[in-house]
**Q** 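Let me begin by handing over the structure; questions about it come next.
FYI, side chains are in, hydrogens and waters are out, and symmetry mates aren't considered; it's all heavy atoms of this structure. None of these values were measured; they are calculated from a predicted model.
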Amino acid sequence: MKMVQDIIIKPIITENSMKGIADRKYTFQVATNANKIEIAKAVEELFGVKVAKVNTISVKGHFRRQGLKGGYRADVKKAIITLTADSKGIEFFEGMN
């Protein structure tokens, strides 16, 4: 069984993700092997909110040059969490508006 802290890695703070807070949408970086059900349960347990919907996006790592050689950054999975209308907001994001 995966721990909640292993599923939700970190919040994603960008200008575009901050616009979604008004619509009760929050963006997190999650484990690449986590599914939508595990992500929803982890957010509900970690923040004490009710999740209505989870959308996931798999982002391929960007190519980076290091001198003459090159490599790729790690692949990342993002989750956009939509909360129910009667749920409270996530306090971490509320202080940033």
**Q** Within a 6.0 Å radius of atom NZ on Lys78, are there more than 12 heavy atoms belonging to other residues, nucleotides or ligands?
**A** no

**Q** To the nearest 0.5 angstrom, please state how far the OG1 atom of Thr27 sits from the NZ atom of Lys10.
**A** 13.0 Å

**Q** Looking at CG of Asn16 and CE of Met18, how far apart are the two atoms once the value is rounded to the nearest 0.5 Å?
**A** 10.0 Å

**Q** Main chain of Ile12, side chain of Ser17: is a donor-acceptor contact present, judged purely on distance under 3.5 Å?
**A** yes

**Q** Is Phe63 atom CZ crowded by more than 12 heavy atoms from other residues, nucleotides or ligands, each under 6.0 Å away?
**A** yes

**Q** Quick check for you: to the nearest 0.5 Å, what is the distance between Ile7 atom CD1 and Asn33 atom CG?
**A** 8.5 Å

**Q** Give every residue pair that meets the salt bridge (charged side-chain N to carboxylate O under 4.0 Å, His left out) criterion with at least one member in residues 46-67, sequence neighbours excluded.
**A** Lys50-Asp86

**Q** Give a yes or no answer on whether the side chain of Gln29 reaches the backbone of Lys77 with a donor-acceptor pair at less than 3.5 Å.
**A** no

**Q** Under 4.5 Å between side-chain heavy atoms, hopping through other hydrophobics if needed: is there a path connecting Ile39 to Leu46?
**A** yes

**Q** How many angstroms lie between atom CD1 of Ile21 and atom CG of Leu83, to the nearest 0.5 angstrom?
**A** 10.5 Å

**Q** Locate the shortest heavy-atom distance separating Ala52 from Thr84; write the atom from each residue and the value.
**A** CB-CG2, 3.7 Å

**Q** If you take all heavy atoms of Val54 and Val51, which pair is closest and at what distance?
**A** CG2-CG1, 3.7 Å

**Q** Take Val49 and Val43 through the test side chain to side chain contact (heavy atoms under 4.5 Å, CB included) and record every step on the way to the result.
**A** CA-CA 7 Å; Val49 296; Val43 170; 3.9 Å; yes

**Q** In the structure I gave you, are the side-chain heavy atoms of Pro11 and Tyr26 within less than 4.5 Å of one another anywhere?
**A** no

**Q** Rounded to the nearest 0.5 Å, how far apart are CD1 of Ile81 and CD1 of Ile90?
**A** 7.5 Å

**Q** Determine yes or no for a side-chain-to-main-chain donor-acceptor pair under 3.5 angstrom, with Asn55 supplying the side chain and Ile80 the backbone.
**A** no

**Q** Take Phe28 and Phe47 through the ring-ring contact (aromatic ring centres under 6.0 Å, His included) test and state the conclusion after the steps.
**A** CA-CA 13 Å; Phe28 293 96; Phe47 298 108; 5.6 Å; yes

**Q** Between Ile8 and Val30, does the side chain to side chain contact (heavy atoms under 4.5 Å, CB included) criterion hold? Intermediate values first, please.
**A** CA-CA 5 Å; Ile8 306 294; Val30 296; 3.9 Å; yes

**Q** Main chain of Asn35, side chain of Glu38: is a donor-acceptor contact present, judged purely on distance under 3.5 Å?
**A** yes

